[in-house]
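Step one of this worksheet: look at the structure below.
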Amino acid sequence: MPSFAPLKNDTFIRALLRQPTDYTPLWLMRQAGRYLPEYRATRARAGSFLGLAKNPDYATEVTLQPLARYPLDAAILFSDILTVPDAMGLGLYFADGEGPKFERPLRDEQAVMALRAPELDSLQYVFDAVTQIRTELDGSVPLIGFSGSPWTLACYMVEGGGSDDHRTVKSMLYSRPDLMHHILKINAAAVAAYLNAQVDAGAQALMIFDTWGGALADGIYQAFSLAYMREVVAQLKREKDGVRIPVIVFTKGGGLWLEQIADIGADAVGLDWTVNLGDARRRVGDRVALQGNLDPVVLFAGGQQIEAEVQKLLNAFGAPATGSGHVFNLGHGISQFTPPEAVTAMVEAVHSLSRRMRP
């Protein structure tokens, strides 16, 4: 195993573990992405999105780009949540202007019963990127590894791509729950193995993105999304070389179920922008740290307004106290149209304003 430089800035990890910090740390969902001109230049050199994601040199380059611009407190592996179903043989491709698609979606019983968890060797390019990024970071900030949740992956695997109403996957859920549970059980095993391999490769924190959990009805969410995230979290390596590996779970649209999400065993819960941070803190108590949750569109409003909205969020969470933790983030991924200078204003505001709130 490679040896890595000691971590110099552990503020993000400490916040997730609900330990005292000098300021509120932050990183951004999709922080390596299309809003940065340098990302677009690297993407053009790679020739395609998959060419970018499957090449550890390119993945390392774009992961580090936002950290060269902004004093962020964590890096997140540049990859895609659909690497796992791609490795299951579903034939991932990207259609211009249409997003990800699968050549062989799971549409019938035969296809579902033939599904197998992928060999981890087929995802070695991801683990190579993790190790390379961790080495290049040289201990400056921690590296986050990630996966889609079992349910969110199933949405793409059954629909064959993105969907506005999830009609196909939810029809299967209601008409053949046995098939849906079969897919989700395989996905849970695959996600746990994939995340553990990222830890072995050098990831210092993990995040599970349940992007489509909020599309489910109450009761259905608990049985078909939350239960399988709990299964994943229970199988994760939570320590490496004596150091704790924190786990974040994020259900977009999941504010209704916050207490239940906080009980599945993760260290932190991500929040979208519809949730009040102060209410969330009261609801979860000292069970988990919280991550979030600025509306990404605030970044189009100009420097003064960005600072005002940052202050509102920090005030909503309140003064940090022992047993609580807050990682500042957006309530969803950053828009590709965001002016890069707006991120500068937000990062400066979070760091300076949060320092003032500490004794």
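This structure is a prediction, so every number in the text was calculated from the model and none was measured. Side-chain atoms are counted along with the backbone in the values below, which use heavy atoms only and exclude waters and symmetry mates.
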Could you tell me whether the side chain of [X] and the main chain of [Y] form a donor-acceptor pair under 3.5 Å?
X    : Y    : answer
N9   : V141 : no
R14  : Q19  : no
T168 : E159 : no
S140 : L137 : yes
S147 : I208 : no
S354 : V350 : yes
E109 : L179 : no
R18  : T322 : no
R287 : A262 : no

*Might you point out which heavy atoms bring V288 and A268 nearest each other, and give the distance in Å?*
CB-CA, 4.1 Å

[Y] reachable from [X] in the ILVMFWY side-chain graph, under 4.5 Å edges:
X    : Y    : value
L256 : W273 : no
I248 : V199 : yes
L106 : Y93  : no
V297 : M346 : no
I81  : Y125 : yes

*Under the side-chain hydrogen bond (donor to acceptor under 3.5 Å, both in side chains) criterion, do E309 and Q305 qualify, and how do the steps go?*
CA-CA 6 Å; E309 293 297 324; Q305 202 53 44; 3.2 Å; yes

*asked:* I'd like to know whether H332 forms a side chain to side chain contact (heavy atoms under 4.5 Å, CB included) with D272, so could you lay out the CA-CA distance, the side-chain angles of the two residues, the decisive distance to 0.1 Å, and finally the verdict.
replied: CA-CA 6 Å; H332 194 47; D272 66 28; 5.8 Å; no

Flag yes if more than 12 heavy atoms outside [X] fall under 6.0 Å of its [atom1] atom; otherwise flag no.
X    : atom1 : result
E239 : CD    : yes
Q304 : CD    : no
E119 : CD    : no
K185 : NZ    : no
D165 : CG    : yes

_Result of checking Y58, F78, F49 against Y39 for ring pair (Phe, Tyr, Trp, His ring centres under 6.0 Å)_ = F78

Considering only heavy atoms from C-beta outward, does the side chain of [X] approach that of [Y] to under 4.5 Å?
X    : Y    : value
L313 : F328 : yes
D73  : W27  : no
I186 : M88  : yes
W257 : L226 : no
Y35  : V343 : yes
R45  : E61  : yes
L28  : P66  : no
Q291 : F12  : yes

*Derivation of the side chain to side chain contact (heavy atoms under 4.5 Å, CB included) call for E38 and V62*: CA-CA 8 Å; E38 54 268 41; V62 296; over 6 Å; no

State the [atom1]-[atom2] distance between [X] and [Y], to the nearest 0.5 angstrom.
X    : Y    : atom1 : atom2 : value
N276 : R282 : CG    : CZ    : 6.5 Å
F102 : M157 : CZ    : CE    : 7.0 Å
S324 : D286 : OG    : CG    : 9.0 Å
S175 : K170 : OG    : NZ    : 13.5 Å
Q31  : I76  : CD    : CD1   : 7.0 Å
R34  : I334 : CZ    : CD1   : 11.5 Å

*Full working for side chain to side chain contact (heavy atoms under 4.5 Å, CB included) between V249 and V232*: CA-CA 11 Å; V249 293; V232 171; over 6 Å; no

*Begin from the C-alpha positions of N315 and Q311 and carry the test side-chain hydrogen bond (donor to acceptor under 3.5 Å, both in side chains) through to its verdict.*
CA-CA 6 Å; N315 289 345; Q311 185 72 74; 3.0 Å; yes

*Which word best sums up how the rings of H181 and F224 line up, parallel for under 30°, tilted for 30 to 60°, or perpendicular for over 60°?*
parallel

*May I have the step-by-step check of side chain to side chain contact (heavy atoms under 4.5 Å, CB included) for M180 and W151, ending in yes or no?*
CA-CA 9 Å; M180 186 51 60; W151 164 253; 4.0 Å; yes

*Going by distance alone, is a donor N or O of one side chain under 3.5 Å from an acceptor N or O of the other, for T21 and R358?*
yes

